[in-house]
Structure formats: structure tokens, C-alpha cells
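These numbers come from the heavy atoms of this one structure, side chains and all, not from hydrogens, waters or symmetry mates.
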Amino acid sequence: MFHSTSRLSEPEPVKFWAGTFNAYVDDLIDRFHGQQLRLDIAGLDESLAYLEKARSTLGLADAVAVRRMLVRNPSIIQIAREPDSNDDRGLFAYLPLNDYGAWAVLTGSYDGRCPDPAWIACERDVPVALAVWLIIAPGQLGRLLEPIARLFKELCPQGCPILSHGATTLSHRIQRSMGFRPAPDFFPYAPPNLMAAIPESRGDIDTARSGERRKRECVTVRIARSLDDLHRVFAVRSATYQAEQLCPFDEEFDGNDLCATQFLATVGEDAAGCIRVRYFGDFAKLERLAVRREFRDGMLSGRLISAALEHCRRKGFTRVYGHSRADLLAFWQKHGFVAMEGRRPFFFSDVEYVEVEATLPPDPIAIRFGVDPMMSIRPEGEWHVPGPLDRSLVRASLAA
């Protein structure tokens with residue numbers, strides 16, 4: 001098991017990879033070289049006890065989530081102690097990110113209060129990037145920098161990005177003073193509150209960026225056209241509504257799924273999100289938006305809604321109706337919906353909802369009565385692409 005200790009006999013202070021931080025950090029490491037703290041891997045009980053003490057003042061992950069992370073990698077929580085005693089001076093927690101974890105952080109999917117063990121590398125693996133998860137060491141940061149630098153260099157000798165969220169105004173200011181920069185300076189799709197420190201050796205930056213780009217580029221939203229696609233939609237909804245919200249089966253699967261257009265979002269081969277649309281007279285209704293917890297970065301739900309609204313426009317609808325959870329009204333307002341005036345909130349599945357509506361600009365090429373007969377029989381949503389019967393028509397013409 002990896003174990004980090006201070007080495008006061010070393011002739012030179014151990015610093016981060018060249019170019020990672022500014023001269024201020026190097027000066028602090030030099031100044032506190034003889035006073036540096038010792039980092040010891042915390043046991044499970046010690047970790048949970050320390051975090052429980054801090055929970056009253058900080059928004060931290062619960063004990064179950066922390067336990068899952070420690071099962072994956074026991075070294076991610078370390079206690080800072082005096083070099084010659086067991087007197088503790090604080091706690092340092094970090095995440096050795098694998099390719100998926102780097103993507104999660106760089107695209108905003110990361111929430112340190114709801115950590116996913118799939119983000120982090122095992123002890124034996126070299127991380128793609130390192131994220132600062134939590135530091136609790138009042139007045140001791142200068143004494144902690146060298147042991148953190150040693151720990152990170154042992155984990156990743158070639159260097160890699162260090163990522164951190166400025167959870168408070170003070171922590172954000174401290175990070176800027178150390179040489180952290182806004183992560184969007186390096187990764188265009190990174191959330192604005194993410195900070196990054198990048199060593200001069202940029203090899204692992206490319207790895208993290210390529211992982212983030214590869215995951216982002218393989219995100220798709222499509223109409224569910226097969227039984228396999230429908231099974232994926234139902235799996236996402238089961239994981240979201242039944243597993244998380246304890247929705248009864250007959251309320252979630254209400255008999256309307258086979259008379260609706262279902263949209264499926266995938267990340268790579270993974271079913272990640274879904275939404276369905278039903279149609280009435282002069283309006284369409286958006287329903288059953290669901291995104292699996294590990295893909296809730298604020299982007300996938302927006303793509304699903306945009307795809308559904310564009311589909312409604314193409315079918316000739318300019319008015320869209322929906323039910324928003326009362327606590328999520330602001331989210332729907334970002335996508336052009338407003339609460340309907342004069343309508344009271346209502347409840348189902350023990351959750352309060354409000355009615356919302358959106359007005360869409362008419363689509364000049366919407367599918368309307370009198371459209372070309374071949375267009376009207378093409379697969380739903382693929383009206384601009386030649387379909388099976390178009391190809392049949394071509395074959396018949398050639399045979400004649």
C-alpha cells in the first residue's frame with residue numbers, strides 16, 4: 001500500500017513538476033522544508049470520523065459514498081501529522097482520475113458531494129489527472145505543499161494536470177495566488193468554477209483532453225426505433241425514477257410509451273438519457289425527461305430537450321406543453337418554457353408539479369398536409385434522408 005512520509009534528510013525540497021505552479025509555491029516549499037507535515041494514509045474509521053467532525057460546516061459526501069471510494073482506492077484520504085508524532089494537523093483528500101474521471105471533471109459532470117468510484121484509478125494505475133477533493137488544515141497549507149508534491153510525483157512521475165474547484169471565495173483566491181488558472185483556459189468545455197494547474201510537460205494534458213473530446217464527440221441523441229432502443233430508454237427511466245425516486249411501476253410505465261416518440265441519448269455505447277413526446281391537436285407534450293446520475297452535467301438534458309423541440313417544430317407544432325417539478329421550474333425556463341398563468345400546482349407520486357408551456361417559431365419546412373408522398377412515409381424524424389421505400393422506388397424505376 002502506498003504510504004507518503006516526509007523526508008527531512010533530503011538535501012533539496014521536493015517540488016511539483018516544473019511549471020505547474022508559480023514561484024510563490026516554490027518559495028513556500030523552500031520556507032517550510034524543515035517543518036513539513038507528514039501524510040499518512042487514513043484508515044476507514046479514521047477517515048469517516050474526521051469527515052464527520054467537518055460535516056457540520058462543510059457540504060461533504062455522506063459516509064456511504066466515501067466508503068465506496070475508499071474501497072476502490074484506500075490511499076485517497078490522508079491525515080496530516082506532525083513529523084515526529086501522531087498529532088494530527090488536518091486532512092488531505094484527492095482523486096487520482098482515470099480517463100472517465102477526467103472527462104467527468106472537465107465537462108462539469110463532477111460533484112464532489114456525490115463521488116463516483118468509477119472516476120478514480122486503482123492504487124496500481126497511473127492517473128490521467130489529479131483532483132484536489134478536500135483540504136482541512138487551517139493555517140497549515142505551507143507545511144502541506146511539499147508532502148502533496150511528493151505524493152503527486154510518486155503517483156504520476158511524468159506529470160499531469162492538477163484540477164480543483166474553488167468551493168469558496170477564499171479557496172478560489174488562494175488557488176489563484178498559487179498559480180491555478182481557470183480550467184477553460186486549457187479545456188474549452190470545462191465549467192467556469194474549475195481551476196487547473198498544468199506542468200510544462202504537456203503529454204498527459206493531451207491524454208486528458210483527448211479523453212474529454214472522445215467522450216464528448218460520441219454523445220448522440222436519436223429517436224428510439226428498435227426494441228433494443230426502447231429497452232435502453234426503459235432502463236434509464238427505471239434507474240432514474242424507480243431506483244432514485246421510488247416511483248411505482250404502473251405510474252412510470254403508464255401505457256403511453258408505444259404511442260409516443262422516444263428520444264434516446266447515448267454516451268459511447270451507454271444509454272445515458274431519454275425524453276418522450278406525445279401529440280395532441282394543436283400542441284405537443286414533452287414527458288419523462290430522465291438522465292442517469294453519472295451523466296448529469298447540465299449538457300445532456302439540454303440536448304435532449306433541444307432535439308425534442310426541434311422535432312416538434314418539424315412536425316408543425318408551435319406550442320409545447322409539459323409538467324415541471326416545482327423545484328425545477330428555473331431549469332425549464334432556461335429552455336424557453338414559462339409557468340402557465342392561472343393554473344394551480346398539482347401532485348402525483350407525492351411530488352409537486354406546475355404546468356409549463358413554450359411557444360416555438362414556425363418551421364418553414366415543417367411536414368404539412370400535401371407534402372410529397374415519399375417524404376411522409378420515411379422514418380420518423382428522418383424526412384430529409386432517403387428511406388427504404390425511396391430505394392424501392394429507385395429499384396423499380398431501374399427495372400422498368
### Task
Give the intermediate values and the outcome of side chain to side chain donor-acceptor pair (under 3.5 Å) for residues Asn86 and Arg38.
CA-CA 9 Å; Asn86 287 326; Arg38 185 179 84 241; 3.3 Å; yes
#### Entry: Trace of the side chain to side chain contact (heavy atoms under 4.5 Å, CB included) decision for Val66 with Ile77
CA-CA 10 Å; Val66 173; Ile77 297 181; 3.9 Å; yes
### Query
Which is it for Trp332 and Arg325 under the side chain to side chain contact (heavy atoms under 4.5 Å, CB included) test, yes or no, and what are the steps along the way?
CA-CA 9 Å; Trp332 286 100; Arg325 267 176 38 184; over 6 Å; no
### Task
Evaluate the criterion side chain to side chain contact (heavy atoms under 4.5 Å, CB included) for residue pair Phe16 and Ile148; output intermediate values, then yes/no.
CA-CA 8 Å; Phe16 292 91; Ile148 292 174; 4.0 Å; yes
### side chain to side chain contact (heavy atoms under 4.5 Å, CB included) evaluation trace for Met178 with Leu141
CA-CA 11 Å; Met178 294 171 61; Leu141 182 60; 4.3 Å; yes
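Here the closest heavy-atom approach between residue Leu97 and residue Val105 is recorded as CD1-CG2, 3.8 Å. Shortest non-hydrogen contact noted between Ala271 and Arg232 is CB-CB, 3.7 Å. The minimum heavy-atom distance linking Ala272 with Phe295 is given by the pair CB-CD1, 3.4 Å. In plain terms, the two heavy atoms of Ser324 and Val356 that are nearest each other are CB-CG1, 3.9 Å. Residues Ile76 and Leu70 share a closest heavy-atom pair of CG1-CD2, 3.8 Å. In terms of heavy atoms, Pro199 sits closest to Trp17 at CB-CB, 3.8 Å.
Cluster membership check: Leu360 does not share its hydrophobic cluster with Phe283, using side-chain heavy-atom separations under 4.5 Å among Ile, Leu, Val, Met, Phe, Trp and Tyr. With hydrophobic clusters built from ILVMFWY side chains whose heavy atoms lie under 4.5 angstrom apart, Val277 does not share a cluster with Val233. Under a hydrophobic clustering in which Ile, Leu, Val, Met, Phe, Trp and Tyr are joined whenever their side-chain heavy atoms come within less than 4.5 Å, directly or via other members, Tyr24 and Ile174 fall into the same cluster. Each of Val320 and Ile367 belongs to its own hydrophobic cluster when Ile, Leu, Val, Met, Phe, Trp and Tyr are linked at side-chain heavy-atom distances under 4.5 angstrom. Under a hydrophobic-cluster definition in which Ile, Leu, Val, Met, Phe, Trp and Tyr are linked whenever side-chain heavy atoms come within less than 4.5 Å, directly or via other members, Leu246 and Leu328 are assigned to different clusters.
Between Glu82 and Arg143 a salt bridge is recorded (basic side-chain N to carboxylate O distance below 4.0 Å). We find that Arg276 and Asp254 are joined by a salt bridge, their nearest charged nitrogen and carboxylate oxygen being less than 4.0 Å apart. Using a cutoff of 4.0 Å between basic side-chain nitrogens and carboxylate oxygens, Arg288 and Glu252 are scored as salt-bridged.
Judged purely by atom type and a 3.5 angstrom limit, Lys153 uses its side chain to pair as donor or acceptor with the backbone of Lys15. Remark: side-chain polar atoms of Asp99 are not paired, donor with acceptor, to backbone N or O of Val128 under 3.5 angstrom. No side-chain donor-acceptor contact under 3.5 Å links Arg89 to the backbone of Gly139. Counting only distance, with no hydrogens or angles, the side chain of Arg296 and the backbone of Val291 share a donor-acceptor pair below 3.5 Å.
Rounding to the nearest 0.5 angstrom, the gap separating the CD1 atom in Ile79 from the CG atom in Asp40 is 8.5 Å. From Lys334, atom NZ reaches atom CD1 of Ile305 across 11.0 Å, with rounding to the nearest 0.5 Å. Atoms CG and SG, from Leu151 and Cys156 in turn, are 11.5 Å apart once rounded to the nearest 0.5 Å. Considering CZ of Phe234 and CG of Leu227, their distance stands at 9.0 Å, rounded to 0.5 Å. Interatomic distance, Gln175 CD to Phe21 CZ, rounded to the nearest 0.5 Å: 8.5 Å. For the atom pair CG (Leu264) and CD1 (Ile223), the distance works out to 11.0 Å, reported to the nearest 0.5 Å.
Ring geometry for Tyr321 against His323 counts as perpendicular: the plane angle is over 60°, on a 0 to 90° scale with 30° as the lower cut. Using cut-offs of 30° and 60° on the angle between ring planes, the pair Tyr94 and Phe92 is parallel. Using the six-membered ring where Trp is involved, Tyr279 and Phe317 have ring planes that are parallel, under 30° apart on the 30 and 60° scheme.
Considering only residues two or more places apart in sequence or on other chains, Ala290 meets the side-chain contact (heavy atoms from CB on, under 4.5 Å) condition with Val236, Arg237, Thr240, Tyr241, Cys274. Under the side-chain contact (heavy atoms from CB on, under 4.5 Å) criterion, Asp363 pairs with Glu310, Arg313, Arg314, Ile365, Ala366, not counting sequence neighbours.
Counting non-hydrogen atoms of other residues, nucleotides and ligands closer than 6.0 Å to CZ of Arg67 gives a total of 12 or fewer. Counting non-hydrogen atoms of other residues, nucleotides and ligands closer than 6.0 Å to CZ of Arg319 gives a total of 12 or fewer. At most 12 non-hydrogen atoms from other residues, nucleotides or ligands lie less than 6.0 angstrom from CZ of Arg343.
Between Phe32 and the options Asp30, Leu28, Ile29, a side chain to side chain contact (heavy atoms under 4.5 Å, CB included) holds for only Leu28.
Between Cys312 and Lys285, every side-chain heavy-atom pair lies at or beyond the 4.5 Å cut-off. The shortest distance between side-chain heavy atoms of Asp125 and Asn98 does not fall below 4.5 Å. At a threshold of 4.5 Å between non-hydrogen side-chain atoms, the residues Phe186 and Leu194 do not count as touching. Inter-residue side-chain proximity for Asp257 and Leu230 is flagged as unmet; no heavy-atom pair is nearer than 4.5 Å. Two residues are said to be in side-chain contact when any heavy atoms from C-beta on lie closer than 4.5 Å; Val338 and Glu357 meet this criterion. In this structure, Trp383 and Val371 have side chains that are not in contact, with every pair of non-hydrogen atoms separated by 4.5 Å or more. At least one side-chain heavy atom of Trp133 sits less than 4.5 Å from a side-chain heavy atom of Met69. Between Arg292 and Asp270 the shortest side-chain heavy-atom distance falls below 4.5 Å.
Checking Gln262 against Asp229 by side-chain atom types alone, no donor-acceptor pair falls below 3.5 Å.
Residues Phe346, Val351, Tyr353 make up the rest of the hydrophobic cluster containing Phe348, defined by ILVMFWY side-chain heavy atoms closer than 4.5 Å, directly or through other members.
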